[in-house]
Amino acid sequence: MSDLIRRGPMVLGLLVALALPLLLDDFWLQTGLFAMASVVGAIGLTLLVGVAGQLSLGHAFFAALGAYTYAWTVGDPAGQEAGLGLPPLVALVLAGVVSAVVGGLFSPISGRLRGIYLGLATIGLVFLARHLMVNLEALTGGFNGRTVEPFSVPGFSFSNAAPDYLAVAGVQFEGLHRLWYLFLGIAVLSAWLGRNLRAGRTGRALANVRDSEVAAAAMGVNVARAKATAFVISSAYAGIAGALMALAYGRIAPDLFGIQLSIDFLVMIVLGGLGSIAGATAGAVFVVALPLVLAQYSSQLPFLAAPGSGGLDAATLARLLYGAAIIAVLLFLRGGLAGAASRIRHRRSAHQRGTGGPPLVPTPSPDPSGATEPPPSQPAVSTRSEEKS
Amino acid sequence: MRNGTRTTLAIAGCCIVALAACSTKDPNASGNGSGGQSDVKAGAGVTDDAITVGMLTDLSGPFAAGAAVQVAETKAYYAQVNKDGGVCDRQVKVDVQDHGYDPQKAVTLYRSMAPNVLALQQVLGGPTSAAVLPLAQADHLYLGGFGWAGNSLKYDNAQIPGTTYSVEAANAIDYLVDELGVKKGDKVGVVYFTGDYGNDSLAGAEYAAEKRGLKIVPQEITPKDTDMSAQASALKKAGASAVILAAAPPQLASLAGVLASQKVNVPVIGHAPTFNPALLDSPAGPALLKNYYAFTSTAPYSSDEPGVKKAVDLYEAAAPKGAKGFEVPLAYAQAELLTDAMKGACEAGNLTPEGVVEAMRKTSDLDLDGLLTTSLDYTDPSQPPTRTVFVSRADADTPGGLKLGETFEGPSGKGYTFK
Amino acid sequence: MPDPLLTVDDLAVAYDSAVQALRGVSLRVDSGSVVAVLGSNGAGKTTLLRAISRSLHSVNGAVTGGSIHFEGRNLAQRDASQMVRAGIVQVPEGRRIFRDLTVEENLRVGGCTVRDKRARKEAYDRVFDLFPALAERRDARGGLLSGGQQQMLAMGRALMASPKLLLLDEPSLGLAPQMVEQIGDIIEQIHAQGTSVLLIEQNAAMGLRVADHAYVLEVGAITASGPSAELAATDEIRDRYLGVGSTSPQRTAAVKEPIDVPVHLQRPSRKAQQLRVEDLTVRFGGLTALSNVSFTVEAGTIHALIGPNGAGKSTCINVLGGAYRATSGTVHYGDSKVTALPSHRIAGLGVARSFQNISLSLEATVEDNLLVGRHRLMHAGTVMQALRLPRARKEERAERETVHRIAALLDIERLLGHEVHALSYGDRKRVEMGRALAAEPTLLLLDEPVAGMAHGESMAMADAIRAVQQELRLSILLVEHDMPFVMGLAERITVLDFGKRIAEGSPQDVQQDPEVLRAYLGTAAA
Amino acid sequence: MTYFLTQLANGLSYGLILGLIAVGFVIVFTSTGVLNFAHGSVLLSGAYLVASLQGPIGFWAAAAVGVVGAAVLGVLINALLVRNLAEANPGTAAILMLGVDIVLLTELTRRIGNNVLSIGAPWGADVVSVGGITLPTSRVVAAGLAIVVFGLLWFLFARTGAGIAMRAAAADSDTAAMMGVRPSRTGAAGWALAGALAAVAGIFLASFPAPGVAPTLALSSFAAIPAWVLGGFDSVVGAIVSGLIIGVVTALAVGYEAELHFLGRGLGEVVPYAVMILVLLVRPSGLFGRKEAVRV
C-alpha cells in the first residue's frame, strides 16, 4: 500500500506526460523535447557527481560527441559532410556507445584527479571539443554545423516531412508529437536504468567510493574501476542526451555544446538534489522550461518598459527572475527540489534530513583509517610553498 | 513487485485506449485551413484585419542593445505603414520574442511563433539563426534579419538585405588594390570571429587575394578576446599592408589603437557589425578617423539618400535619445523588404507564409531609395541580390560616426563564387 | 570552598540532531585547579570540550539540554571567538597546529584576540619562557616540528590569549614517555602561574598525576569522580585501563560458556590461514610509526594488538588492509604476500576490516551498507543490474536475506531500514562490524570494535565476536583500548609502544609484564 | 627576436593581470570554500563603476570608488547569500554563484547596452618603447601595480595579524575559530580582497589596448580559471606564477598562430586548458596546491 503511495506521483506524472501532446501547442512540445533530452543528460551526470562523487563540467563534451556521432551515422554518405547512412536506431545506440568508449578512455585521467580539480580539468574537454568541432570540418561541418537527419524506424517517420498521417483523439500527430513519445520513452528508460543502477551492487559500490575510497577498497571494490565505470555510464547518458538534442534541434553546431551547457547540467542536478534521479528530472525541467516560460509570459506584464527604451524590459526581467529562482532554491531548499519533496512527504518525522552530505561524526576526519595517528602524507613533506611570495 | 506489474498493466491499458482513438485518415487532407472572406487566401498569422509578423531577437544577451534599436525602428516602421492603411488592408502587428542569444530558446520560441506569424521579420544572431533557418525552411516561412552570412544563401526562404560578408570582403580587397595602393604580393591581415560571420568574411578575402595576387594573414579570435595586442604584433611582424576585421567594436578599438601605437599606419576595414560610433571618443578614436573604412551592404546612418532620411527621421521621432548606428537603416530596409514581399503575396492572392516566400523570390528589380546600393534581384536563391557595397569613412562630426564615400563593386566581388 | 570557575549542569549534546553524544553530564572546575576527565575513545570527551568552547557547530553538533556557566555567566548564545575573549581557550585534540605557518605566526594567531601590544609581548615572553624549544625554532614552519614540539606549540598558541581556563584535549597523544612527563611538568607550571586547566586524557597515569580532581566519562555519561589521589587508588581505574582487577571475571576462551547467539552464516569455502608479520617498518616522512614489528596470528585464533594511543596499532592494521604502504618488511597471509597487493586484492584473499573512525555511507541505509560488504561475493555486472535481469534480481534477493541474518547476529536487524546518520555511535560500530562480516572473511581486522560502547554492550559484542569466530573458524586481529574486553576475548596479545613491540603472550602474561604496566600506568605504577 | 620579446612582454603583463584575478579566486576559495563563478561580474561591476564615474569625478576618484565598490559587492554576496545557504557545500555554493552571475550580468548588460564605455585612464593610448619592444603604457602600469599589489599581499599575509589569521582560517577554520579568529570576518576580508583585486584587474583589462568597458569583460575571468587551477586551488603564489605561465603561453600561441597552423585555428582558446590538463596529469593538485580539494 505504501508502495502505491510512493509510486503514485510517478505513475500520475507518466500518465500526464503521455497525455500532454494532445493538449499542447508546438511551443510546449518543443520545450518538452529539450527538457526530456536534458533529463537524460542530467540523470547521467547525477550518477557521476551525486552518486559516485566525481565532479564533471565536461558533460557538454560527451553530449557533443553523441550528437555528432548520431548525425554522422545517419548522415547521407553523398552529402556535404561525411556520413554513414545507417538507420537512425543504430545511430542512437552508437551515440551512446561512442561517448561511453571515449569516457572510458578519459578515465585514467579522471581517476587521478579529484573534486574541483577534476571538475575544472573537465572544462578543458569542452574547449577541446569546440576546437575539434570547428576544425574537423569534413565530419562536423565546422562552425556552421551540420543538419541532422530526422529519426525514423522502418515504416514510421518522426518528422513533419513524412507524408503518412496519424491522429489521436482528433489531434493530428505531427513530427513534434511523435518525437515527444520517442523522447519520453527514452527518458523513462533512462530513469529506470538509472534507478536500477543506483540501487544495485554497482550503485552501492560507487556511493561507497564517494564516501571513502579506503573503506571501499577494503570491501573489495576496485576503486579505479568503479570510478571508470561511473564515467563510462555517465558519458553514455550524455551521448544519448546529445543525440536527442540533435534531433530536437534538427541541426547541430559547435555553439550548442559550449561550457554553458555543462554548467546548465550541473545547475540541474544541484537544484534537483545531488544523487537523486527524480531530482535530476525535476532540475532539468526547471532549468530548461523556466527561462522559456518566463520569456514567453513576462512580456504580458504591464509595468515593463519597451525594449530599447533603457528601462526594465520583459526579457531582462525574465533573465533576472531566472537567476533569482536559482538563488532562492539554494537558499531555502535543503537538498534541492528532491530534498524539499521528500520533506513534504515525511513531514511527520521531524528530523528527516535532506540528501545533503553530513560530515562524519563525531570528528570530521576525511581519513577513516586513523585520526590519532598521522596519515601518510603528513610531516615534513608539505609540497606547498608559503603563501607569501 | 506485484505493484509494478499492475502499474505496467495500467499503462498498457491507457495505451490501448489511446490507440483506439487513433486515426490515420486525414480529415482535411484536401482543405488548407481557413480561407478569408475576400479573394485573398489567408495563412498563418493572417486574420481579416491583421497580419502578424515575428521578431525573434536578442533583448537580454550580448546583442541586446543593437537589437533593441532594430525593434524600435521596426515597430515605428509598421506603425507608419498601419497609419497609411496597412498591408493588404490589414494592420501589421509585430510579435517580438527574446531568445537571449540561446539557440535552444530560439528554437523553442520559433515553435511558438511559427504557427501564428505570416513571416519572421528577424532572427538575430549567428548560432540562433543557424538553428532556426532549417526549421523555417521546412515550414516554408519567410525569414529576414539574420545578418549577411553567406551560408544563408542555402535557404530559399531567407531574404538577405544586400550582399554577403564574403562579397564585402572580396570587394574590400579589390578596393585596397585599386584605390588604396596595395600592391601585388602584399599581405593583408584578416582578424575574424570564429563563426558564420568571420569565416564568411575570410572566405571572401581569401578568394579575392588569390585573384589579385595578395597574401592573407588570418588571425582567428573569439568575442571574448578584446585585447588585440598579440594579433597586432603578429600582423606587424608579417608586414601586413591592410587589415580586414570581421569582429565587433571592442576588437576594432583595440586593434586600431595597438596598430597606431606600433606606428603601423594601414587601412583597417570592417563590416557593419564591426563599428560603433562610441569608439570615436575612445583612445582609439584618432586612429580610426585616419584609417577606418567600413564596407557595408546597407547605407550608413548619415547617408543623404531619401530612403535613409526617411528611416532616420522615423527613428529620431520614435526614439529621440536612442543610439545611432547601422541598425536604423538596416531595420528600415528589412521592413521594406518584407512589406514588399507581403504586398506581392497579397497581389498574388496568396497571403500565406508560402505566398510571401514566393513573392519575395519573384522580386527581380527592387529599389529602396538608397538604403541598399543597387536595385535588388532575389530570383536566384543561391546568389545575393546585389554585389555592390557602400564604402564609408569614420568621421567624428557625422551622426552615427560613418560618412558615406561611394558605392563600389570590384572584379573579385563580382566574381566570388559561393560553395 | 573556592569559587567555581566553570560549572556544567546536566549537559546533553547531540550530533546531526540524532546521535546523542553526551547526556546528563555535570562537572565543575574551581578557580585555580586542574581537573581531568578520563575516558576511552568515543566516550564523548572531545564533545564535552567543544561544548564548553562553543565550537560544536563545525562538527554538526548542538547542545540539546543543560547549561554551562563560566564565572557565573551562562554560555548559551556565545560563539567560539567570544569564548576566547572571555578567557576559555581550547587546545584541540591532535594538536592541529597550522602547519604552513611559522612558530611565531602560530603564536600570533593564538594571540589574535589580544589588542594591547604590551600584553601580547608579555604573552610571547611567557610562552617562550615556558617552552624554550619554541623560542629556538620561532621561524620554523609548524609542520617541521617534532610531535612534542608541536604539542608545545599548540599549548603555547592557546596561552597567547592568557586564558583563565585552558582546555587541553589529550596532550599526551602519540608522545614518547619522557615527552609526556615533560608536558605534565608544563601543565603543572601553567597551573602554578594561575591558569585553571580542564584536561581530557586517555592516559590515566598522566591525567591523575597532574589533576586535583578527576571525572571518568563513559559512553557520554560521568561514571565516577573524585579527588585524583582517591580515584587513582581505586581498582576501578586500573580495571578500566588495564583489565586488571576484581570486577572483571577471567572470561578467556578457556571458559566455554554456552553461546546463545545463533549463527546462520555460510562457512567460508576457504579456510583461515596464518598471518605472518615480519620486520614491518612504516615511516611517514621523518616519523617512524612502526619499526621492525613482527608477530604471527595463527589460523582460527583471536589475536589482539594493544598499546597506548599513538603506539602504531592502527598503522599496523592499515598496512595489513592495504590502506598504507609498508616502508620495509613483509606481511604474508598464507602464501600470499599482502604487502605487494592493492587493497581490493587483499580483500579478495578473504581479509575484511572495520575502521577506527567509522567509514560507513551515512546517507545509505544500514542494509545497503551491509550489502557493500557482499560486493566481493556478488557477480551481477553493471548491465545485468541496470536491466534487472532475473539473475541479478535473484542474487539481490538472496544477498538481502544473508544480510538480514548477519544483522540478526549483531542485533541490528531493527535498524536495517534506517539511514546510518541517524544511528548512535555504538550502533554504527556494530554496522561496520556487520559489513566486515558480510564479506565472509577468513581473517577479520577490527580497529577498536567497542569504542564508545558501555561495559555491558562491549561484553555482548565480545560474545558475538566469539560466537562468529568459533562458528566460522575465522582468524581475528583486533585493536582495542577496552581492556576487560580484550582480556576476555583474545587468545594472544601483542603490545606495541612507540612503534615497537614491547611484549607478546597470553592475556595473563601480558597483564603482569612490567614493561606493559609502565607503558600504561607510567613508571610509578610498575 | 624583437617580435618574440614583444610577445613575451605582452604575455607577462597580461599574465600579471590574470594573476590578480586568479588570486581573487584563491582567496575566496580558501576563506569561504566557494568556487566563485560570479567573479567575472564582480570584476565588470567594478570596471563599470569606474567608467561611469570617471566623467563626473575624475579617473582616480572613480578608480577608488570602483575598487571599494567591488569589494563591498563581494562582502555583500558573502554575507547575504553564501552564509545563508540552506546547505553549505562547495557544490551548492558554486551554483549559487552562477545564479548571482546571471543576475549581475543581466543588469550590467542592460545598463551598458552596446556602448563601449571608456575607462578614462590618464595613460590613454600611450605606448612605451624600449629597444624595439613596444608595450602600451597601461600594461606597463598594470605590471608595475600588480607587482606592488602582490608585494602588499605578501606584507598582509606574512606580517599583519589579520593576514596571518586569514591564513590560519584558510588552513583550518575550525581550529582558527577556537583561537578566537572570527570566520565571518576572515570570510568578509577574503571576499573584499578578491573584489578589490578584480576591480583593479578590470580597470586594466578595460584600458588600452582593450577598448573599454563592455559586457564581454566579464568573460575575462574565465581566462583566469586555468591559471587558478594550474597553480593549485589554495596557493596565492601558485596563482601568480600560473597567471604568468598562462599569459605567456597564450600570447605566444596567438603570436605564432601562423607557424602553429597544423594544430588548427583558434589555438589561443584551447592552449591554456591544454597546459592545465597536462600539468594536472603530472601534478594532480596543481603546481603549488597542497591538499586535494573538497568534493561536491
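In what follows, chains carry the letters A, B, and so on, assigned in the order in which the sequence lines appear, proteins first and then strands, with residues in each chain numbered from 1.
- Of all heavy-atom pairs between A/Gln30 and B/Thr108, the closest is CG-CA, 3.6 Å.
- Rounding to the nearest 0.5 Å places CZ of B/Arg111 at 4.0 Å from CG of A/Leu176.
- Across all non-hydrogen atoms, the minimal contact from A/Tyr249 to B/Leu135 is O-CD2, 3.8 Å.
- Interface remark: B/Asn151 contributes side-chain atoms only to the contact with chain A (heavy atom separation under 4.5 Å).
- In this structure, CD on B/Gln104 lies 9.0 Å from OG1 on A/Thr31, to the nearest 0.5 angstrom.
- Both the backbone and the side chain of B/Pro127 come within contact range of chain A, with heavy atoms under 4.5 Å apart.
- For B/Lys154, the NZ atom counts as densely surrounded, since its 6.0 Å shell holds more than 12 non-hydrogen atoms of other residues, nucleotides or ligands.
- The candidate with the highest count of non-hydrogen atom pairs below 4.5 Å against chain A, out of B/Pro103, B/Gly195, B/Pro134, is B/Gly195.
- Within the 4.5 Å cutoff, side-chain heavy atoms of B/Val107 are placed close to those of A/Phe34.
- Considering CG of B/Asp102 and CZ of A/Arg319, their distance stands at 8.0 Å, rounded to 0.5 Å.
- Across B/Tyr155 and A/Arg251, no two heavy atoms sit closer than the pair OH-NH1, 3.9 Å.
- The candidate with the highest count of non-hydrogen atom pairs below 4.5 Å against chain B, out of A/Leu33, A/Thr147, A/Asp255, A/Leu29, is A/Asp255.
- Interface residue B/Pro115: only side-chain heavy atoms are found under 4.5 Å from chain A.
- The structure places CD of A/Glu137 at 7.5 Å from CG of B/Asn199, a figure rounded to the nearest 0.5 Å.
- Atoms CG and CG, from A/Asp26 and B/Leu109 in turn, are 12.5 Å apart once rounded to the nearest 0.5 Å.
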